[in-house]
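Have a look at the structure below before the remarks.
Each chain gets a letter, A, B and so on, in the order the sequences are listed, and its residues count up from 1.
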There are 4 protein chains.
Amino acid sequence: MTENTDIRTAFDQVMAEDHDLPAKQKQVLAASLTLFAEQGFANTTTKQIADRAGVAEGTVYRRYKTKDELLAALLKPMVTQVLPRLMHEFAQQVKTMQHLTRRQLLTALIENRVAFLEDNWQVGKILINEMMIRDDLRQSVMLNAGPIIQKTLFPILDQLREQHELAAIPNDMVGQFVIGTVLTNLLRANLQGDFAAFSQRAPYLIDFLDRGLAPK
Amino acid sequence: MTENTDIRTAFDQVMAEDHDLPAKQKQVLAASLTLFAEQGFANTTTKQIADRAGVAEGTVYRRYKTKDELLAALLKPMVTQVLPRLMHEFAQQVKTMQHLTRRQLLTALIENRVAFLEDNWQVGKILINEMMIRDDLRQSVMLNAGPIIQKTLFPILDQLREQHELAAIPNDMVGQFVIGTVLTNLLRANLQGDFAAFSQRAPYLIDFLDRGLAPK
Amino acid sequence: MTENTDIRTAFDQVMAEDHDLPAKQKQVLAASLTLFAEQGFANTTTKQIADRAGVAEGTVYRRYKTKDELLAALLKPMVTQVLPRLMHEFAQQVKTMQHLTRRQLLTALIENRVAFLEDNWQVGKILINEMMIRDDLRQSVMLNAGPIIQKTLFPILDQLREQHELAAIPNDMVGQFVIGTVLTNLLRANLQGDFAAFSQRAPYLIDFLDRGLAPK
Amino acid sequence: MTENTDIRTAFDQVMAEDHDLPAKQKQVLAASLTLFAEQGFANTTTKQIADRAGVAEGTVYRRYKTKDELLAALLKPMVTQVLPRLMHEFAQQVKTMQHLTRRQLLTALIENRVAFLEDNWQVGKILINEMMIRDDLRQSVMLNAGPIIQKTLFPILDQLREQHELAAIPNDMVGQFVIGTVLTNLLRANLQGDFAAFSQRAPYLIDFLDRGLAPK
DNA sequence: GATGAATGAGACTTCATTCAT
DNA sequence: AATGAATGAAGTCTCATTCAT
């Protein structure tokens, strides 16, 4: 799985995109990320961001012209680059495995990505919250994530089903169940404020999904 | 299902709480509910609420002294009254059934509550969003929902497990899986803007949970 | 000239347009007018307007949503209503005079309008300044004033020329000379800070224009 | 017209003032001139100046310590040097002519100076606008231009009047009429965005002034 | 009770100016 | 000399809340 070593978090992605981003701008992005995740975008003031980042308020606006641009700078790479690449790399990884069982697939999907999910939970939280509210963001995510899931994940599911490893459930429902189970686990860990719990529960998730998606 | 006839939506619950809630105040609550769900609490102005409710801005403040009180008026009954009663009524319903199978339980849980969930999705959406942000609300929900789930749902699960109808999974994980599967379905319907899809997918949910929670 | 008694200044015009404009809003408009004329639009802060008007800063924004709208509220009536009506009334007045001489026309134009010009000098000053800078305003003035001058003033000039009372100069040049001579007088009075001088110099203006526009 | 060959525009004048003005500083001044004329001083940012000049924002401050100094650098030479010299050279030119007629004087004044006026219209525009707003600038212009006009132009006018070539109008009114007529023509050309029109209309201006200033 | 004008604290944003590199 | 990131004072604007009518 060397091909995964270069998986970076969404946050690093923003940094990488502009690799001569000054230190203070990085602090601004980091502070924004934390505060948006903690308090929500709308409840975070640019003054708070400046204070947390240890810069003047004007500095917050140096690169990103508005508060909305700051949000976009954090979310866009996640939606347009990180998630797609993650899916793609996952599909590549799966292809290298011969006679993949359902459980192997789920284990690869969940355990191998736990670190990534924990790293990016802050961005994910912001993303989910803002998707509830912003039509444009919802559209953008749908347009980006939808096709990629179909192209990368669905063929794998079809193959599994042919090998009698997967129940006769529509692919989109399989996706819904897997994503939902993982997401709920993340959500619960967040509500409990206990992120260790997230990975501790991973075996239960694999077990539950393994049985739920088994053919009759 | 006569025991369900008096299940009211959270919104009606607020109304019922105060029999002489003036018509204009009801309009204010209704407008708040819709707008908070559409745009989020922080992005909704009291002016918007007043306009949508067809009243003056001052009228919004007649009964509820602050915007936060307005939010509380919508969320509190849901958390402290509606959900507990729903759980209680569900437990009662289950107790009347002899030799309950896992599938019967899930069907009762999902199909019988579909209407309720659809009705109250707006409040639920607001609730989830605000729980992400407000510690106090998160605490309050935990303190209210937690014990009730343990008292009403867990005994039923224990009983099922004794009847070899349920996998050897901790009760909290069972709860997480069931709630998560339903919630994800709701979330997806909301993101798609297609609420009919929600109930159409119910049979798949039951099937998935039925297998996922089955003992080995 | 009873038909002129109802000529109102541009400022009164704004007031009249919305005759239930609250007192404080009138104060805001009055303060804006004075300050914009004194210091220019761009150099005037909303804080200054609020202070001069004796209201809170928020009040400045109650009716006019932006500082630009405030400017438009002051200028638009001048451009679209006051000036056109002034031209029209002037034309009407001229038509009632038989065998009008050039000097009579100029006297009517200048002396009768002196009060009006003095009253509206503040708006005029703002208008000239902003026209130098804003393309849209320039367009708007051109589109409004141009046709009206052609329809009302040019026929009178043609008639005068037939009566051998006016030089063989294109009508637009006649307009340029008359308006320019009056405007320059106003400008000079403003630069000197001496408005009494404006009307004292009126006889010289009439004399100068009378000769300058006489046929050979 | 050899005496005119050394008439330089105000802008060149600033440049000449400091022989070793670095190229970048010249670009800054040129950019400032254009932008101030286009958008007004208050609406022009130092960032815009830097961009237009093709330099960094810090460079704008190398020679001129503040934005106001930049404005002064453009306006002061015009007021204190260019206009006085222009008047002086004009007076010299007039003195060389024997038995000067009114029309000759006007022709010399207008036609010979057309190029200069067109070249310096940008500075003039800025000057007029800022004079409307800044008391100190108004004072400065009055103190500089006033005496010079009296010393150079008034003797010529007195001489003309003795030769029965000029109406019995106070000298300051003659000045007002001439300057106003020329200025209005410039203003109109600017509002129309058609500078060719300016010189095309020159013959009309000469004719109009010639008659308007003729003795009875 | 209802209204909506008024308030003012505080949010977002701009921009002239400084200064380390 | 030049750069451009950083600054922070000050500007524009928003909006929950109050209160006279």
Side-chain angles (χ1 to χ4, degrees), chain A residues 20-25 27-28 42-50 53-70, chain B residues 22-25 27-28 41-51 53-70, chain C residues 20-25 27-28 42-50 53-70, chain D residues 22-25 27-28 41-51 53-70:
Chain A
D20 48 305
L21 197 67
K24 300 223 172 181
Q25 291 303 315
Q27 293 163 27
V28 167
N43 301 302
T44 302
T45 69
T46 50
K47 178 75 164 47
Q48 287 177 318
I49 295 172
V55 301
E57 214 173 342
T59 307
V60 174
Y61 286 87
R62 169 117 197 110
R63 182 156 304 234
Y64 306 104
K65 299 285 174 270
T66 65
K67 206 183 147 196
D68 270 308
E69 269 189 36
L70 203 46
Chain B
K24 299 220 169 183
Q25 290 305 316
Q27 292 163 29
V28 167
F41 173 77
N43 301 304
T44 301
T45 68
T46 50
K47 180 70 164 47
Q48 287 176 317
I49 295 171
D51 288 349
V55 301
E57 217 173 337
T59 307
V60 173
Y61 286 84
R62 170 69 35 199
R63 179 163 303 242
Y64 307 102
K65 297 285 176 285
T66 67
K67 203 182 151 195
D68 273 308
E69 274 189 32
L70 209 44
Chain C
D20 49 305
L21 197 69
K24 300 222 171 181
Q25 292 302 317
Q27 293 163 28
V28 167
N43 302 303
T44 302
T45 70
T46 50
K47 178 76 164 49
Q48 288 176 318
I49 296 172
V55 302
E57 213 172 343
T59 307
V60 173
Y61 287 88
R62 171 119 196 110
R63 181 156 306 235
Y64 306 104
K65 299 286 176 270
T66 65
K67 207 181 145 195
D68 271 308
E69 270 190 35
L70 203 47
Chain D
K24 299 222 169 183
Q25 290 305 314
Q27 292 162 28
V28 167
F41 174 76
N43 300 305
T44 301
T45 68
T46 49
K47 180 70 164 49
Q48 287 176 317
I49 295 171
D51 288 349
V55 301
E57 218 175 337
T59 307
V60 174
Y61 287 84
R62 170 68 37 197
R63 179 164 303 244
Y64 305 104
K65 298 283 176 286
T66 67
K67 204 182 149 196
D68 273 306
E69 274 189 30
L70 210 44

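Between A:Lys24 and F:dT7 there is a side-chain polar atom (N or O) within less than 4.0 angstrom of OP1 or OP2. For D:Thr66 and E:dA16, the shortest distance from a side-chain N or O to OP1 or OP2 is not below 4.0 Å. Between A:Gln25 and F:dA6 there is a side-chain polar atom (N or O) within less than 4.0 angstrom of OP1 or OP2. In terms of phosphate contacts, D:Lys67 brings a side-chain nitrogen or oxygen within less than 4.0 Å of OP1 or OP2 of E:dA16. A sub-4.0 Å separation between OP1 or OP2 of E:dC12 and a side-chain N or O of A:Thr46 is present. Using a 4.0 Å cut-off, some side-chain N or O of A:Arg62 falls inside it from OP1 or OP2 of F:dA5.
Judged by distance alone, with hydrogens and angles left aside, A:Arg63 brings no side-chain donor or acceptor close enough to the base of F:dA5 to form a pair under 3.5 Å.
With A:Gln25 contributing its side chain and A:Thr59 its backbone, the two residues share a donor-acceptor pair below 3.5 Å.
Taking atom CD1 of B:Ile49 as the reference point, atom P of F:dT17 lies 10 Å away to the nearest angstrom. Nucleotide F:dA16 holds its P atom 10 Å from the CG atom of B:Asp68, rounded to whole Å. Here the C1' atom of nucleotide E:dT13 and the CG atom of A:Leu70 are 13 Å apart, to the nearest Å. One atom, NZ of A:Lys47, and another, C1' of F:dT7, lie 14 Å apart when rounded to the nearest Å. Going from atom CG of C:Leu21 over to atom P of E:dG4 covers 16 Å, rounded to whole Å. Look at NZ on A:Lys65: it is 12 Å from P on F:dA6, rounded to the nearest Å. Atom CD in B:Glu69 sits about 15 Å away from atom P in F:dA16, given to the nearest Å. Distance, D:Asp51 CG to F:dT3 C1': 13 Å, rounded to whole Å.
One finds the CD atom of D:Glu69 at 14.0 Å from the NZ atom of D:Lys67 (value rounded to the nearest 0.5 Å). Summarising the geometry, atom OH belonging to C:Tyr64 is positioned 16.0 Å from atom OG1 belonging to C:Thr46; distances are rounded to the nearest 0.5 Å.
When distances run from any side-chain atom of C:Tyr61 to the nucleotides F:dC13, E:dA16, E:dA6, the shortest one goes to F:dC13. Distance from the side chain of C:Pro22 is smallest for E:dA5 among the nucleotides E:dA5, F:dA6, E:dT3. Which of F:dG11, F:dT3, E:dT7 sits closest to the side chain of C:Thr45 comes down to F:dG11.
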Test side chain to side chain contact (heavy atoms under 4.5 Å, CB included) on C:Glu57 and C:Ile49 and set out the steps. CA-CA 8 Å; C:Glu57 213 172 343; C:Ile49 296 172; over 6 Å; no
Before you tell me yes or no, could you show the steps for D:Leu70 and D:Arg63 under side chain to side chain contact (heavy atoms under 4.5 Å, CB included), namely the whole-Å CA-CA distance, both residues' side-chain angles and the distance that decides it to 0.1 Å? CA-CA 9 Å; D:Leu70 210 44; D:Arg63 179 164 303 244; over 6 Å; no
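If you find the closest nucleotide of DNA chain F to B:Thr44 and to D:Val60, the one lying nearer the 5' end belongs to D:Val60. Toward the 5′ end of DNA chain E lies the nearest nucleotide of B:Glu57, the other residue of the pair A:Glu57 and B:Glu57 mapping further downstream.
In this structure, F:dA5 and E:dT18 make a Watson-Crick or G-U wobble pair, each of the two defining distances being under 3.5 angstrom.
Residue contacts shown for D:Val55 are limited to sugar-phosphate atoms, with no base heavy atom under 4.0 Å away.
Here the options are D:Thr45, D:Thr44, D:Asp51, the test is side chain to side chain donor-acceptor pair (under 3.5 Å), and the partner is D:Lys47; only D:Asp51 passes.
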